[in-house]
Structures are given as structure tokens and as C-alpha cells.
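Notes to accompany the following structure.
Below, chains carry the letters A, B, ... as their sequence lines are ordered, and counting in each starts from 1.
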Protein chains: 2
Amino acid sequence: MTQTKNIKDLITRLARIEAGASWGDDLNPAQRMTLEYLNNANRFSRSPSHAAAYLGTTRGTITQTLKSLARKGYVAEERSESDKRSISYSLTNTGQKIVNQQGILERAIEKTPSMLRAEIDAGLRDILSQALQLNGQKAFGICKYCRHFETTTADGYCGLLSLALTPTEALQICHEQEPT
Amino acid sequence: MTQTKNIKDLITRLARIEAGASWGDDLNPAQRMTLEYLNNANRFSRSPSHAAAYLGTTRGTITQTLKSLARKGYVAEERSESDKRSISYSLTNTGQKIVNQQGILERAIEKTPSMLRAEIDAGLRDILSQALQLNGQKAFGICKYCRHFETTTADGYCGLLSLALTPTEALQICHEQEPT
DNA sequence: CACATTAGTAGCGAGTCGAAACTATTGCAA
DNA sequence: TTGCAATAGTTTCGACTCGCTACTAATGTG
């Protein structure tokens, strides 16, 4: 077995363990991941289309997942005024609570030496950017590390959308993000 | 966002990209992973129960997946003579071909520097052992790195099952494996 | 103003998934 | 040895995912 295959197996196996253990609270892995995306994404990125693009699924599938989450009271939909086609989903308080629970994978990661953690983070980040490129997907990175992020205002400013950012927003996921 | 959460997100996102891209050949991600497990497991570990334990799912679910793979001609079932309850699945030639195809994740990993790869491998391996422990799951490691592996014969010998091993077998996954 | 594009949905068929109930076989202990 | 418990695999159920195709409504663009 090559090292490449080893790493692939480790990644998929860890994801599977996490998925298997994440079934509680009347939620399945896909629903939980959608919830997590909404929690991390900024207000311009919480639409079905963006969630679908980030999660690597289709609009049709994500619609069903979001409707199911809405039925259960974990998310709420807000229709946009400017563009009447688009919808933005946000977490309800119940949804917030769910997303803050720590899964088995997080607990396992916390038990590894922090020096090792830094290397894993860097390594996986590298693999991710390669995979996204191969797949023709967008980066969906953190606002702050975007080439449109400016420091002309205290908390940061988005040069693309021409608006001032809050400290929270600067750390959220943005669908327009382009790495520096 | 903490580093722990970052790593978790990277792992689950990479797994999702791989899953999304692995839909071809009339197979879904779960079926492909089952195929891959059968390809790597030794002849004592290719039963529904062991596959279920490795993949972190239930016997009921894996039965359906295996039946579906058998219908499509990717695996064949062999009933055991010694224990009439148990079944061992093996890949057909068609199944072999499928499993040898390189997915997007493997191609992405190959593009990263090999020095980084070694660190990722070690780091993820550490996380995996922690996660398995937290989950009360068995290791399912490689035969050769088991405390029952002996070098009394040329190619290796299993002290637990009391039998000589082939070079191929020594590198396969075993459900009895206990790390040294 | 016509036409292409984009955002979101609905329905289909195959399949996953956990859970629970069930059959057949094997192991073990009194 | 007989009687039960444990084990291996299966089946069925209901909710859901997923890719796909076809659809509506709103928004761009030439």
C-alpha cells in the first residue's frame, strides 16, 4: 500500500467514524454538516446554492436537507428583498446548541500533541487546495485571508462588496473568498 | 475558530469532496468504500460483520450494500464450510478494476510534497487511534504490525491463528490485529 | 423586449442508515 | 446432552440522501 493510499484511507475512515457517531439529536451527518456550514458562513453565503457548492452536492439535494432542518426547527429561512429569488438560512437557538456540541473527531484531535496538530493542519490545507483545484471548486475560505480584505477600517473592509465588516464576519466563510 | 475545529473541518470536507467525486461506475461512496475494504482485508476479515465494524456501520446496512454489489457483479460470496453461518466476500475481476482507479483525493495527495505527506500520515494515524479508543472500536490494522506476527517462517506467521502467511497477506487488514 | 442565466423546487428511483425483529448455527455449561 | 445464550447474517420499516431531470420565477443582457 502506497503512502498516498494510506492517507486517503485515514481521511475517509476518520470521516466515517465521525459520521457514524454524529447520528444523535434526530440528525444525520449531512444535516449536521449543513448546520455547521451555516454556522460558519457569513450572511452572503448562507443560501442553498452556496451550501451546495461548499458541500460538493447539488441544489436539489441541499434544498431537501434545508427543508428538513427547517421542519425540525434548527434553521429559519429569510427571503431577500433585493433579489427575490434568493433565500438565506440562519441557525435558530436550538440549531446553535447542536452545532456547539463536540463530536468524537474533535475530542480525538484534542488528545494529540499540539505540535503535531499544526503540521496536520498545514498538510491537510495543502491537500484541500489541490483537491479543490482538481475539482474546479471554489475555495470558500475565511474572509480575513482574502485578497479583497482591506484594513482601511478598524475591523476590516471588503473591497469586493464595498462594505465594512464586523470582527465576527472577518472570521467567517465567504463564497467570494479568493486566497491571497 | 480553534485549530481542533479547523482540522475536523478539513477532514470532513476532504472526505466529502472524495465522496462527491466517487459516484461514477454505477457506485455510490458507501459501495466503493466497502469494495475497498474487501480489497485490503485478509481472507479472515471479509465478512459482513467485519466490514460493518471497520466501516462503523451496522450489519443490517452492510448486508444491503454487499447484496447490491453482488447484483452488480463486483463481489462474489463464498460460504464457509467450517462455520455455516459465516460468509466471505471477494472481489470479482470487474471489482478489482474499479478499486484500482485513482480518485480525486489520491491525486490531490500525490501533488503535495512527500515530506509533508509523512507528517500528515503520522498525525492522522495518531488521531485515528485516539478516535478508535474513544469509540471502543477495534484497530483493524495491518497484519505485519500486529503483536501476533512472528518471523519464524520466511514470509511471516500468525501466532494467534497458527498459520503461515503469504507476503500479500502480511500486508492486508486483519480484524484480529492488535498493534505492537 | 426577447433570451439566456440564475435561484430555488418538485418528483423519481436507487440506495444508505439505524433500529428492531427474525432465522440458523454454534458455543458453553449444568 | 440438552438447553440456552451468543453469534452471523438477513429482512423490513421509515426517514433521508443523492444524482438527475424537468420545472417556475426572477433577474440579467444584448
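- To the nearest angstrom, P of D:dC16 lies 11 Å from OH of A:Tyr74.
- Atom CD of B:Glu78 is separated from atom C1' of D:dG9 by 16 Å (rounded to the nearest Å).
- Atom pair B:Leu69:CG and C:dA14:C1' shows a separation of 13 Å (rounding to whole Å applied).
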* Give the C-alpha distance, both sets of side-chain angles, the deciding distance and a yes or no for side-chain contact (heavy atoms from CB on, under 4.5 Å) between B:Leu91 and B:Leu35. => CA-CA 7 Å; B:Leu91 294 193; B:Leu35 228 46; 3.6 Å; yes
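- Between the CD1 atom of A:Ile62 and the C1' atom of D:dT17 there is a distance of 10 Å, rounded to whole Å.
- With respect to B:Glu110 and A:Lys5, no salt bridge is recorded, no charged nitrogen being found less than 4.0 Å from a carboxylate O.
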* Structure fact -> B/S/- along nucleotides 19-30 of chain D (protein heavy atoms under 4.0 Å) is B------BS---
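- By the ring-ring contact (aromatic ring centres under 6.0 Å, His included) test, A:Tyr37 is found to be paired with A:Tyr54, residues two or more places apart in sequence or in another chain being considered.
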Mind listing the side-chain donor-acceptor pairs of residues 158-170 of chain B below 3.5 Å, one per line with the distance, residues two or more places apart or on another chain?
{"residue": "B:Thr166", "atom": "OG1", "partner": "B:Glu169", "partner atom": "N", "Å": "3.2"}
{"residue": "B:Glu169", "atom": "OE1", "partner": "B:Arg43", "partner atom": "NH2", "Å": "3.4"}
{"residue": "B:Glu169", "atom": "OE1", "partner": "B:Thr166", "partner atom": "N", "Å": "3.2"}
{"residue": "B:Glu169", "atom": "OE2", "partner": "B:Arg43", "partner atom": "NE", "Å": "2.3"}
{"residue": "B:Glu169", "atom": "OE2", "partner": "B:Arg43", "partner atom": "NH2", "Å": "2.9"}

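- Closest contact between the side chain of A:Ile87 and the listed nucleotides C:dT9, D:dT10, D:dT17 involves C:dT9.
- In this structure, B:Thr63 does not reach the D:dT11 phosphate: none of its side-chain N or O atoms is under 4.0 Å from OP1 or OP2.
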* I would like to know whether B:Asp121 and B:Arg117 meet salt bridge (Lys or Arg N to Asp or Glu O under 4.0 Å); could you show each step before the answer? => CA-CA 6 Å; B:Asp121 188 284; B:Arg117 281 208 294 261; over 6 Å; no
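- Residue A:Arg32 places no side-chain N or O under 4.0 Å from the OP1 or OP2 atom of D:dT17.
- Dashed line: the shortest gap from a side-chain N or O of A:Asn28 to OP1 or OP2 of D:dT17 is under 4.0 Å.
- A:Leu66 has its CG atom 20 Å from the P atom of D:dA15, to the nearest Å.
- Atom-to-atom, CG of A:Asp26 to C1' of D:dT17 comes out at 15 Å; the value is rounded to the nearest Å.
- Nearest-nucleotide mapping onto DNA chain D: of A:Ala30 and B:Ser88, the residue sitting toward the 5' end is B:Ser88.
- Here the closest heavy-atom approach between residue B:Gln101 and residue B:Asp25 is recorded as OE1-OD2, 3.0 Å.
- In this structure, B:Lys67 does not reach the D:dT12 phosphate: none of its side-chain N or O atoms is under 4.0 Å from OP1 or OP2.
- Contact annotation for B:Ser86: backbone-only contact, meaning every heavy-atom pair under 4.0 Å involves sugar-phosphate atoms and none involves a base.
- To the nearest angstrom, P of C:dG15 lies 18 Å from CE of B:Met33.
- A salt bridge does not link A:Lys111 with B:Asp126: every distance from a Lys NZ or Arg NE/NH1/NH2 to an Asp or Glu carboxylate oxygen is 4.0 Å or more.
- Among the atoms of the strands shown, only primed sugar atoms or phosphate atoms (P, OP1, OP2) are found under 4.0 Å from some heavy atom of B:Arg71.
- Per the geometry, CD belonging to A:Gln31 stands 13 Å off P belonging to C:dG18, to the nearest Å.
- At a threshold of 4.0 angstrom between heavy atoms, the contacts of B:Arg46 with the nucleic acid are absent.
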